[in-house]
Amino acid sequence: MEIKNKIADAIKKAVQSAIEDKIFDLNGELPVVNLTVPPKKDFGDFATNFAMQTAKIFHTAPKNIAQEIKSRIDAPFIEKIEIAGAGFLNFYLKSDVIYTELKNIYYNLENFGQLANKNNPTIQIEYVSANPTGLLHVGHGRGAAAGSAIVNILRSAGYNVESEYYINDAGNQMENLAKSVNARYLELLGQEVEFPENGYHAVDIIDTAKKIVAEYGDKYLNLPEDERLRILMDLAYADKLAELKKDLADFKVFIDNWFSERTLHNGKIESAIKILQENGTIYSKDGALWLNSTKYGDDKDRVVVRENGVATYLAADIAYHKDKFDRGFGTMINLWGADHHGYISRVKAAMTALGYDADKLKILLLQMVSLYRGGELVKMSKRTGESITLHELIEEVGTDAARYFFLMRSIDSQLDFDLDLAKKQSSENPVYYIQYAHARICSICKQVTNLSDENINFSLMNSNAELDLINKLLEYPQEVEKAALDFAPQRIARYAYDLAAQFHSFYRDCRILGVETELAKARLSLVKITAHTIKHSLGLLGVSAPESM
RNA sequence: GCGGUUGUAGCUCAGUUGGAUAGAGCAACUGCCUCCUAAGCAGUAGGUCGCGCGUUCGAAUCGCGCCAAUCGCACCA
């Protein structure tokens with residue numbers, strides 16, 4: 001059991017005994033004991049504001065409550081307790097506590113950072129889900145980095161997770177893809193063609209057409225238009241999807257489940273609509289079918305089937321989310337671009353109307369990315385093809401830097417991505433700073449080969465530099481937990497940076513080569529734990545930890 | 001007009017289930033390699049936490065109202 005929980009237990013018992021002895025008169029519910037690492041070392045190893053929080057329900061001054069708890073607490077691992085400020089209880093642990101913890105970590109190092117399985121129902125997370133009609137751009141990159149990092153973090157925190165990509169492979173955009181590739185195909189074969197009005201102008205469409213020409217030549221040139229369009233749609237779709245999967249794989253993004261929208265068009269959309277019609281949430285007006293989403297807090301009602309009988313995108317999305325709910329996940333997370341926020345209320349409205357608990361669906365919104373090069377904003381546009389694609393970004397700055405930069409800001413902050421900085425191999429670049437710490441440790445390990453791994457006396461490490469590093473390491477499991485609860489990869493990015501900083505300080509003050517054997521053994525074990533933790537935390541972000549730089 | 005997000009040091013940003021003297025990096029300035037990777041370390045300086053009112057023992061954090069930036073408000077996806 002973690003030290004923190006032990007202290008919390010001791011406090012609860014002390015309070016309980018005071019209540020039984022009628023010292024405290026309980027007028028309300030006891031809050032949970034909240035233990036934190038204090039901002040200054042002078043304030044002990046752990047602190048709680050419990051006495052201040054309970055002042056009201058005990059009708060007693062915080063300092064008196066603190067005094068009572070202090071006198072009743074019974075815990076062998078606590079060195080001393082001090083009352084400070086307005087009523088903080090500061091706990092000072094006996095020094096052997098942290099050494100025992102460190103020892104446990106060291107002899108079970110592979111598992112450090114992997115929390116116990118929570119045995120919760122599976123969490124599903126859907127992310128990227130870009131249309132298979134073009135290349136992934138930088139905005140998708142942020143979603144890909146965030147989604148995959150959240151998956152890693154949740155798994156590390158002991159949750160069961162399944163990732164999913166929703167492929168919009170039905171409807172207008174596929175028609176446009178077919179028409180666009182068709183136009184390029186004919187162009188390449190020397191025909192005069194007018195480019196379709198809503199077609200995709202980006203150069204990757206030409207590349208796709210070129211591949212088709214290279215493989216099939218003019219085989220489809222003389223087919224009837226609609227037949228050729230059908231064939232080209234299939235070929236282009238396969239090509240686009242393959243490119244998309246490759247770009248994601250290069251970016252260390254691996255999806256468990258690829259969900260095709262087409263599978264919804266075999267009755268699932270109709271049956272979802274039918275249920276909503278039967279319970280009165282869908283009505284007819286002006287020849288179209290409308291979802292009465294205002295009843296559930298949406299701004300206005302929404303069309304689900306047009307006058308011409310064709311279902312809207314929303315209809316497919318209702319069927320899709322119904323399908324997700326029917327698969328029985330405990331929580332479903334959608335990672336959407338911030339420009340889709342208006343969509344939340346209508347999807348949730350539909351789920352509520354279908355009788356599901358819409359709170360199980362959590363929508364995380366990713367704010368926009370702006371790229372800067374040479375201090376200038378780089379414009380992006382998928383239509384004109386002047387965008388920077390994810391592929392180009394990886395080529396330019398590398399997967400490690402790109403992922404770290406995407407992840408170091410909270411997802412609901414707009415991100416200014418400085419391409420020049422991401423490319424710099426210097427201390428200005430946080431990715432290198434962290435990786436360098438790892439490489440330094442690996443370098444030491446290579447040079448120290450004659451030290452035994454047994455009977456390590458961890459308590460020899462008692463200087464500030466050593467204790468600071470130890471304490472930082474002990475915080476790691478809790479950081480993973482917090483990052484998982486908040487879906488906040490930037491917490492891990494920050495932690496990895498702080499840990500690297502702690503190590504670099506240690507490195508200056510504490511040598512391993514050339515010091516007395518027992519101390520060298522202890523320090524070597526400490527830096528091995530550090531290396532593991534840096535590598536593990538970077539791993540959660542999908543960033544590599546090189547052994548030499 | 002309505003809704004989402006953001007506003008913290010010169011710049012880029014952490015920090016929200018309310019807590020102790022608000023933290024990093026970069027940029028500026030001063031030191032440190034005969035010593036395990038100087039891609040590093042130590043130090044100095046830098047703040048009305050957008051503005052105002054409120055809630056309370058206590059507010060960057062919660063509530064209300066302003067201001068500014070940004071994204072969105074389709075029978076498109």
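Computed from heavy atoms alone, side chains included, the values below leave out hydrogens, waters and symmetry copies. Keep in mind it's a predicted model, so treat the numbers as computed, not measured.
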Asker: Under 4.0 Å between any heavy atoms, over every strand shown, what does Glu307(A) touch: base, sugar-phosphate, or nothing? Just pick one.
Answerer: base
Asker: With no hydrogens and no angle check, do the side chains of Asp317(A) and Tyr343(A) hold a donor and an acceptor under 3.5 Å apart?
Answerer: no
Asker: Side chain of Tyr320(A), backbone of Glu261(A): donor and acceptor closer than 3.5 Å?
Answerer: no
Asker: Nearest-nucleotide wise, let me know which of Ile444(A) and Asp286(A) is further upstream toward the 5' end of RNA chain B.
Answerer: Ile444(A)
Asker: Taking Lys240(A) first and then Asp204(A), would you say they form a salt bridge - that is, a charged N and a carboxylate O separated by under 4.0 Å?
Answerer: yes
Asker: Under 6.0 Å from the NZ atom of Lys274(A), do we count more than 12 heavy atoms belonging to anything else shown?
Answerer: no
Asker: Write down the distance between CG (Leu469(A)) and P (C41(B)), rounded to a whole number of angstrom.
Answerer: 13 Å
Asker: What pairs with Phe417(A) under ring pair (Phe, Tyr, Trp, His ring centres under 6.0 Å), at least two apart in sequence or on another chain?
Answerer: Phe405(A), Phe406(A)
Asker: Tell me whether Phe88(A) is stacked on the nucleobase of G19(B), counting only the six-membered base ring and applying the 5.5 Å and 30° thresholds.
Answerer: no
Asker: Picking from A20(B), C75(B), C41(B), which would you name as closest to the side chain of Ala84(A)?
Answerer: A20(B)
Asker: Rounded to the nearest Å, what distance is computed from the CG atom of residue Asn429(A) to the C1' atom of nucleotide A39(B)?
Answerer: 9 Å
Asker: Does Ser413(A) put a side-chain nitrogen or oxygen below 4.0 Å from OP1 or OP2 of A14(B)?
Answerer: yes
Asker: Taking 4.0 angstrom as the limit, do Glu126(A) and Lys324(A) come out as a salt bridge?
Answerer: yes
Asker: What is the nucleic acid contact for Met408(A), judged by heavy atoms within less than 4.0 Å: base, sugar-phosphate only, or nothing?
Answerer: nothing
Asker: Looking at Arg508(A), does any N or O in its side chain come under 4.0 Å of the phosphate oxygens OP1/OP2 on C35(B)?
Answerer: no
Asker: Please determine if a side-chain N or O atom of Tyr404(A) lies less than 4.0 Å away from the OP1 or OP2 oxygen of G25(B).
Answerer: no
Asker: Compare the minimum distances between each of G40(B), A77(B), A42(B) and the side chain of Asn168(A), then state the nucleotide with the smallest one.
Answerer: A77(B)
Asker: Ignoring hydrogens and angles, tell me if any N or O in the side chain of Tyr495(A) forms a donor-acceptor pair with the backbone of Lys472(A) under 3.5 Å.
Answerer: yes
Asker: I need the NZ-P distance between Lys472(A) and A24(B), as an integer number of Å.
Answerer: 11 Å
Asker: Using atom P in both nucleotides, what's the gap between C26(B) and A69(B) to the nearest angstrom?
Answerer: 32 Å
Asker: Which way is the base of C51(B) turned, syn or anti, if we draw the line at 90° from 0?
Answerer: anti
Asker: Using atom types as modelled and distance alone, determine if a side-chain donor or acceptor of Ser370(A) lies under 3.5 Å from a backbone N or O of Asp416(A).
Answerer: no
Asker: Please give, in whole Å, the distance from A42(B) P to Asp468(A) CG?
Answerer: 10 Å
Asker: Between Thr294(A) and Asn292(A), is any side-chain donor less than 3.5 angstrom from a side-chain acceptor?
Answerer: yes
Asker: Between Arg440(A) and Phe503(A), is NZ or CZ placed under 6.0 angstrom from the six-membered ring centre and within 45° of the ring axis?
Answerer: no
Asker: Quick one: Asp418(A) CG to C13(B) C1', roughly how many Å, whole number?
Answerer: 13 Å
Asker: When you check every protein heavy atom under 4.0 Å of nucleotides 67-74 of chain B, what one-letter string (B, S, -) results, 5' to 3'?
Answerer: ---SSSSS
Asker: What I want to check is whether the side chains of Asn334(A) and His321(A) have a donor and an acceptor closer together than 3.5 Å.
Answerer: yes
Asker: Stems involving RNA chain B: give each as a range paired with a range, ordered by first number, where a stem means at least three consecutive Watson-Crick or G-U wobble pairs under 3.5 Å.
Answerer: B:1-7 with B:67-73, B:10-13 with B:23-26, B:28-32 with B:40-44, B:50-54 with B:62-66
Asker: Which value, in whole Å, describes the distance between the C1' atoms of nucleotides U12(B) and C33(B)?
Answerer: 31 Å
Asker: Pick the C1' atom in G19(B) and in A59(B), then give their distance to the nearest Å.
Answerer: 10 Å
Asker: Between Lys362(A) and Thr331(A) (side chain of the first, backbone of the second, donor and acceptor by atom type, cut-off under 3.5 Å), is there such a pair?
Answerer: no
Asker: Among A39(B), A20(B), C13(B), which nucleotide has an atom closest to any side-chain atom of Tyr436(A)?
Answerer: A39(B)
Asker: Distance check, P atoms only: C11(B) and G4(B), in whole angstrom units.
Answerer: 28 Å
Asker: Find the distance Tyr495(A):OH to C13(B):P and express it as a whole number of Å.
Answerer: 25 Å
Asker: Examine Phe88(A) together with Phe43(A) and report whether their ring centres are nearer than 6.0 Å.
Answerer: no
Asker: In whole Å, measure the gap between the P atoms of C49(B) and A74(B) for me.
Answerer: 40 Å
Asker: Expected output is a numbered-order residue list: members of residues 510-520 of chain A with a heavy atom under 4.0 Å from any atom of RNA chain B. What is it?
Answerer: Cys510(A), Arg511(A), Ile512(A), Leu513(A)
Asker: Can a donor-acceptor pair be found, under 3.5 Å and without considering hydrogens, that links the side chain of Thr352(A) to the backbone of Ala358(A)?
Answerer: no
Asker: Using a cut-off of strictly less than 4.0 Å, decide whether Thr133(A) has a side-chain nitrogen or oxygen near OP1 or OP2 of A77(B).
Answerer: no
Asker: Answer yes or no as to whether A24(B) has its base stacked against Tyr497(A), where stacking requires a ring-centre separation under 5.5 angstrom and planes under 30 degrees apart.
Answerer: no
Asker: Nearest nucleotide by nearest heavy atom, which residue falls closer to the 5' end of RNA chain B, Ala501(A) or Val305(A)?
Answerer: Ala501(A)
Asker: On a whole-Å scale, what distance lies between the C1' atoms belonging to U6(B) and G15(B)?
Answerer: 15 Å
Asker: Scan Thr36(A) against the nucleic acid and name what it touches under 4.0 Å (heavy atoms): base, sugar-phosphate only, or nothing.
Answerer: nothing
Asker: Work out how far the C1' atom of U56(B) is from that of C62(B), and round it to whole angstrom.
Answerer: 11 Å
Asker: Taking Ser544(A) for its side chain and Pro546(A) for its backbone only, find out whether a donor-acceptor pair lies under 3.5 Å.
Answerer: no
Asker: Tell me which residues in residues 484-493 of chain A put a heavy atom below 4.0 Å from RNA chain B, sorted by number, or none.
Answerer: Gln490(A), Arg491(A)
Asker: Categorize Asp301(A) for me: base, sugar-phosphate, or nothing, with a 4.0 angstrom heavy-atom threshold over every strand shown.
Answerer: nothing
Asker: Regarding Ala47(A), tell me which of base, sugar-phosphate or nothing describes its non-hydrogen contacts under 4.0 Å with the strands shown.
Answerer: base
Asker: Please state whether the base of A42(B) and the side chain of Asp509(A) form at least one donor-acceptor pair under 3.5 Å?
Answerer: no
Asker: Tell me: CZ of Arg409(A) to P of G7(B), nearest whole Å?
Answerer: 12 Å
Asker: Rounded to the nearest angstrom, tell me the gap between atom CD in Gln447(A) and atom C1' in U37(B).
Answerer: 9 Å
Asker: Any sub-3.5 Å donor-acceptor pair from His140(A)'s side-chain atoms to His137(A)'s backbone N or O?
Answerer: yes
Asker: With sequence neighbours left out, write down each residue that passes salt bridge (Lys or Arg N to Asp or Glu O under 4.0 Å) with Lys118(A), or none if nothing qualifies.
Answerer: Glu481(A)
Asker: In whole Å, what separates the P atom of C32(B) from that of U17(B)?
Answerer: 44 Å
Asker: State whether Ser443(A) places a side-chain N or O below 4.0 Å from either non-bridging phosphate oxygen (OP1 or OP2) of U37(B).
Answerer: yes
Asker: Looking just at side-chain N and O atoms, do Asp400(A) and Gln435(A) make a donor-acceptor pair shorter than 3.5 Å?
Answerer: yes
